[in-house]
Amino acid sequence: MNKKNHILVSLVMGSQSDWKTLINCEDILKKIKISYEKKIISAHRTPERLYSFAKDLVNSQTEVVIAGAGGAAHLPGMIASLTHIPVLGVPIETKSLKGLDSLLSIVQMPAGIPLPTLAIGKAGAINAALTAASILSLKYPEIKQELLVYRSKQTKSIKKKPSK
Ligand code: RP5
């Protein structure tokens, strides 16, 4: 079912400048062999693009959205408000407030519009992709298998003692 051209994850970001963080998401999606699309959509600079993307999600193949944004980071929350499809928020680290601004903008949603939010920066980007894999693993056995292999390799890579 998870065919090559069957896009399961939409990876969206507020700016080109977010890509250096969200490329870590892409790495995991590739490793676990999940088809995805990537788009730049700014809640503030391209609000109509945001609206049309989020409203069209229901007619698309996308089953999970990963949305990263920084600063006054309204992108993930606005997408979540416009679709019932799960949206995972990744707060981008910022120069002025180290991403605390992004984190609070994304995580502090009002009750009724959930927006599962990951850690600031690279760890959040990696974990967003792994969370998407986890959600999709419930339906796609091949993704479950790849996710279990990833986790097992990670476990084996941890040494018992620190090296000098
Ligand atoms: C947000 O503004 C983006 O998500 C980005 O993190 C931040 C800064 O954008 P640029 O000024 O670098 O384009 O919308």
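Numbering of ligands and ligand atoms starts at 1, following listing order. We're numbering straight along the sequence, starting at 1.
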field: Steps toward side-chain contact (heavy atoms from CB on, under 4.5 Å) verdict (Ile79, Leu57)
entry: CA-CA 10 Å; Ile79 297 173; Leu57 276 170; 4.0 Å; yes
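- Ligand 1 places these atoms under 4.0 Å from at least one heavy atom of Ala69: 4 (O).
- Among protein heavy atoms, atom 1 (C) of ligand 1 sits closest to Gly70 O, 3.3 Å.
- Between Ile92, Leu22, Asp18, it is Asp18 that holds the heavy atom closest to atom 6 (O) of ligand 1.
- The two residues Gly14 and Asp18 have their closest heavy-atom pair at N-OD2, 3.1 Å.
- One option in Gly14, Ser15, Ser17, Ala72 has a heavy atom closer to atom 13 (O) of ligand 1 than any other, and that option is Ser15.
- Counting atoms of ligand 1 from 1 in the listed order, those under 4.0 Å from a heavy atom of Arg45 are 9 (O), 10 (P), 11 (O), 13 (O).
- Minimum interatomic distance between Met78 and Leu50 (heavy atoms only, all atoms of both residues): CB-CD2, 3.7 Å.
- In terms of modelled atom types and a separation under 3.5 Å, the side chain of Ser15 and the main chain of Ser17 share a donor-acceptor contact.
- To the nearest 0.5 Å, atoms CH2 (Trp19) and NZ (Lys38) are separated by 4.0 Å.
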